[in-house]
Amino acid sequence: MSTVVTANPAYRTPPGTLHTILLAGSVSLFLGALLSDLAYYNTYQIQWSNFASWLIAGAELFSGLALVFALVNLIRAPHKKGHVLTYFLLLLATWALGLFNAFQHAKDAWAVMPAGLVLSVIVFVLACLAAWVGLNSRVGGAP
């Protein structure tokens, strides 16, 4: 039986329960905003844009708090590179573009489109990538 040992584990411990809930919650809220933008693009009903704005605000709150946890993990990590840094940078990019998306959704009516829809797609993909990297359970040892 062979074992694989990594010299630099990703985390001392895997992300905690609250960190995981915040990260997963931001992904689902960004997905809801994307689906609301798609509905607005197809129906022209302004309420879909308003709903997307509120979902983005909630996702920004969740991802901002997850970003604080990621920053603490980055500070506590013995080596400030690799998996921990990638996760922090992905989450930072998600939060920053999500904030820009929130500002885009603050515009009136159809002025939100198509930039709001494009930003929602980009932010959702970044949130998924951040969750994939951040919740990767392999922290060293056997795969």
Side-chain angles (χ1 to χ4, degrees), residues 2-43 46-143:
S2 68
T3 60
V4 177
V5 178
T6 58
N8 299 323
Y11 293 109
R12 291 181 189 174
T13 59
T17 305
L18 181 59
H19 187 176
T20 303
I21 290 170
L22 291 171
L23 189 57
S26 67
V27 170
S28 61
L29 288 169
F30 280 129
L31 174 62
L34 172 61
L35 294 175
S36 295
D37 279 343
L38 285 171
Y40 181 48
Y41 185 77
N42 290 323
T43 64
I46 189 66
Q47 192 59 32
W48 286 114
S49 178
N50 296 337
F51 192 51
S53 295
W54 282 104
L55 287 168
I56 291 168
E60 282 292 292
L61 176 66
F62 276 46
S63 63
L65 292 172
L67 187 61
V68 171
F69 279 102
L71 179 62
V72 169
N73 271 341
L74 182 64
I75 290 170
R76 291 178 53 203
H79 302 285
K80 313 287 191 257
K81 59 183 179 181
H83 189 270
V84 178
L85 182 62
T86 302
Y87 170 58
F88 176 76
L89 292 176
L90 277 171
L91 201 52
L92 181 63
T94 301
W95 187 84
L97 283 175
L99 183 64
F100 188 67
N101 194 16
F103 292 149
Q104 180 67 28
H105 278 79
K107 294 180 179 178
D108 288 336
W110 194 251
V112 172
M113 290 296 156
L117 180 60
V118 171
L119 282 171
S120 289
V121 169
I122 293 169
V123 170
F124 173 67
V125 169
L126 281 173
C128 286
L129 287 173
W132 182 272
V133 171
L135 298 178
N136 190 359
S137 62
R138 293 189 301 163
V139 294

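No hydrogens, no waters, no symmetry mates; every other heavy atom, side chains included, goes into these values.
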*Which residue pairs pass the side chain to side chain donor-acceptor pair (under 3.5 Å) test when at least one of the two sits in residues 21-33, sequence neighbours left out?*
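Counting only pairs at least two positions apart or across chains, no side chain to side chain donor-acceptor pair (under 3.5 Å) contact touches residues 21-33.
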_Residue pairs involving residues 124-133 (criterion side chain to side chain donor-acceptor pair (under 3.5 Å); sequence neighbours excluded)_ =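 Passing the test, one end in residues 124-133: no pairs.
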*Who passes ring-ring contact (aromatic ring centres under 6.0 Å, His included) against Phe69, sequence neighbours left out?*
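Partners of Phe69 by the ring-ring contact (aromatic ring centres under 6.0 Å, His included) criterion, ordered by chain and then number, come out as His19.
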*asked:* Could you measure the distance from the CZ atom of Phe30 to the CD atom of Glu60? Nearest 0.5 Å is fine.
replied: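 So the CZ of Phe30 and the CD of Glu60 are separated by 4.5 Å.
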*Calculate, to the nearest 0.5 Å, the distance between atoms CG and CG belonging to Leu91 and Asn73 respectively.*
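So the CG of Leu91 and the CG of Asn73 are separated by 11.0 Å.
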_If you count every heavy atom of other residues, nucleotides or ligands that lies below 6.0 Å from Asn42 atom CG, does the total exceed 12?_
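Yes.
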_Evaluation steps, side-chain contact (heavy atoms from CB on, under 4.5 Å), between Thr17 and Thr20_ = CA-CA 5 Å; Thr17 305; Thr20 303; 5.7 Å; no
*asked:* A side-chain contact here means heavy atoms from C-beta on lying under 4.5 Å apart; do Leu67 and Thr94 qualify?
replied: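 When only atoms from C-beta onward are counted, Thr94 and Leu67 do not touch, as no gap falls below 4.5 Å.
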*Residues two or more places apart in sequence or in another chain: which of them pass side-chain contact (heavy atoms from CB on, under 4.5 Å) with Ile46?*
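Partners of Ile46 by the side-chain contact (heavy atoms from CB on, under 4.5 Å) criterion, ordered by chain and then number, come out as Tyr40, Ser49, Asn50, Ala109.
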*Sequence neighbours excluded, which residues qualify as side-chain contact (heavy atoms from CB on, under 4.5 Å) partners of Leu65?*
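If we apply the side-chain contact (heavy atoms from CB on, under 4.5 Å) test to Leu65, skipping adjacent residues, the hits are Leu22, Leu61.
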_If you compare all heavy atoms of Ala66 against all heavy atoms of Tyr87, which two are closest, and at what distance to 0.1 Å?_
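Heavy atoms only, the tightest pair is O-OH, 4.4 Å.
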*Can you name the closest pair of heavy atoms from Trp95 and Ser63 and give their distance?*
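Heavy atoms only, the tightest pair is CD1-OG, 3.4 Å.
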Donor-acceptor pairs under 3.5 Å, side chain of residues 111-131 to any protein atom, not counting sequence neighbours: which ones?
from: Ser120; atom 1: OG; to: Asp37; atom 2: OD2; distance (Å): 2.5
from: Ser120; atom 1: OG; to: Asn101; atom 2: ND2; distance (Å): 3.1
from: Ser120; atom 1: OG; to: Gly116; atom 2: O; distance (Å): 2.9

*Determine the sole option in Gln104, Lys107, His105 for which the side-chain contact (heavy atoms from CB on, under 4.5 Å) test with Ser53 is passed.*
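Result for side-chain contact (heavy atoms from CB on, under 4.5 Å) with Ser53: His105.
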